[in-house]
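Step one of this worksheet: look at the structure below.
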Amino acid sequence: VQSCEANSFGDDDLASLQILADQLAWVIHNAQLYQETRLLNEFNEQVLQTIPLPVVLLDRNLTVIFMNQSYRAQHNLSSEGLEATPIDEVVPHSWLGKPNGREAISQVFQTGETVVRERERIELGAYRNRIVNISISRTIGPDNAPLALVVIEDITDSLEKAYQSSLLRQVGQTMQGILDPDRLLYTILTCVTAGTALGFNRAILLLVDPARKTLQGQMGVGPANHEEADRIWTELSARNPSVEDILAEYDRMSSPADNPLSRATRQVVVPLDDQDDILARTVREKKPIRVTEGDAISISPALWSALGSH
């Protein structure tokens, strides 16, 4: 502070200027701290965004504070506008909003210790159940409020591969002792459709009739329609049947080959010389053919006509 008059500042002025300087220094210091905190928060958010696993931050009321792109992609969520919303509204039927999830999060807030839940089943839409490991840790938010950091690891594919390998070994060991062809076919087809994810899976078997030169539907395993699929997957959502379980189920059936899908399958008859039918083509060329969802309707008119769906 400068004055053109000599001796214009007294002791009171010096004291006032000192107080003002102290206040300015405090404001500048706070501004610097705020800037550093903001940059740190932005850095932490960038780190969470780049984590390849789904991550979500929740407060005590299960309100979403933050979710990374992996979590949004897992649940097909929009990129903005979901923070400050209860998790049940963001992801209906979320495991985090169910009793087991609420209990785990409450335990984390109370004890401060990380809680890990292994092999939990989460719903990602119709027939898209996934098996995940969930880790929940307590962290501190920008306003020093405690938050729950939830990290989700999808292990469905690894479990599926291990389960399928186990089934293949069991089938190889078991099929040598099965003399009933229908019993063996039922076991093989069930193994093809079984799995930890329990999707809308069906398998049908067609055999070549050399006399008629046709492919004839023989047996089908799986739901005949979406309604039956929903019922089956609800009942079996926690099961991964072994070959022994599959054979026991077959033996309990009064008419194993008379299920709705098998009845529909036996209506399928495809001439082997049909140039437009992929089923006939794969027999003629003696090689597997993979068809994507977009081309599914063109696989076999005879097949879709019998099954009534695609």
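- A heavy-atom distance below 4.5 Å is not found between the side chains of Arg138 and Thr111.
- Heavy-atom minimum distance, Arg266 versus Gln218: CG-O, 3.8 Å.
- Remark: the Gln74 side chain and the Ser70 side chain contain no N/O donor-acceptor pair separated by less than 3.5 Å.
- Contacts of Thr114 classified as side chain to side chain donor-acceptor pair (under 3.5 Å), with partners at least two apart in sequence or in another chain: Ser137.
- Taking CE of Met67 as the start and CG of Leu77 as the end, the distance is 6.0 Å to the nearest 0.5 Å.
- Looking at residues two or more places apart in sequence or on another chain, you find a side chain to side chain donor-acceptor pair (under 3.5 Å) between Arg102 and Asp88.
- Pairing each heavy atom of Leu96 with each of Tyr71, the nearest pair is CD1-OH, 4.3 Å.
- A continuous path of ILVMFWY side-chain contacts below 4.5 Å connects Val208 to Val270, so both sit in one hydrophobic cluster.
- A search for side chain to side chain donor-acceptor pair (under 3.5 Å) contacts involving Glu113 returns nothing, not counting sequence neighbours.
- Atom CD1 of Ile65 and atom CG of Asp59 lie 4.5 Å apart (nearest 0.5 Å).
- A 4.5 Å side-chain heavy-atom check between Val55 and Leu149 finds at least one atom pair inside the cut-off.
- Side chains of Ile152 and Val150 form a contact here, defined as non-hydrogen atoms less than 4.5 Å apart.
- Contact between Asp154 and Arg130 at its shortest, heavy atoms only, is OD2-NE, 2.9 Å.
- The structure places CZ of Arg117 at 6.0 Å from CH2 of Trp95, a figure rounded to the nearest 0.5 Å.
- Residues Ile87 and Ser94 are in side-chain contact: their nearest non-hydrogen atoms beyond the backbone lie under 4.5 Å apart.
- Residue Leu215 is grouped with residue Ile289 when hydrophobic side chains (ILVMFWY) are merged at heavy-atom distances under 4.5 angstrom, including chains of intermediate members.
- For the pair Ile134 and Val151, the minimum side-chain heavy-atom distance is 4.5 Å or more.
- Minimum heavy-atom separation, Thr214 to Pro271: CG2-CA, 4.1 Å.
- Contact annotation: the side chain of Ile122 never approaches that of Ile131 to less than 4.5 Å [non-hydrogen atoms, C-beta and beyond].
- A donor-acceptor pair is defined here as one N or O able to donate and one able to accept, closer than 3.5 Å; no such pair exists between the side chain of Thr282 and the backbone of Leu279.
- Taking each heavy atom of Leu53 and Glu153 in turn, the nearest pair found is CD2-CA, 4.3 Å.
- Between Thr63 and Leu58, the closest side-chain pair of non-hydrogen atoms is not below 4.5 Å.
- From Ile278, atom CD1 reaches atom CZ of Arg284 across 10.5 Å, with rounding to the nearest 0.5 Å.
- When all heavy atoms are compared, the tightest approach of Ala148 to Ile136 is CB-CG2, 4.1 Å.
- With hydrogens and angles ignored, the 3.5 Å screen pairs no side-chain donor or acceptor of Thr265 with any backbone N or O of Gly217.
- By the 4.0 Å N-to-carboxylate-O rule, Arg281 lies too far from Asp273 to be salt-bridged with it.
- A 6.0 Å sphere centred on NZ of Lys213 holds no more than 12 heavy atoms belonging to other residues, nucleotides or ligands.
- By the 4.5 Å heavy-atom criterion applied to side chains, Val56 and Phe66 are not counted as neighbours.
- Checking side-chain atoms of Arg119 against main-chain N and O of Asn133 turns up no donor-acceptor pair under 3.5 Å.
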Problem - Derivation of the side-chain contact (heavy atoms from CB on, under 4.5 Å) call for Val283 and Leu272 - result: CA-CA 8 Å; Val283 173; Leu272 289 177; 4.0 Å; yes
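- To the nearest 0.5 Å, the span separating NZ on Lys98 from CD on Glu120 amounts to 9.5 Å.
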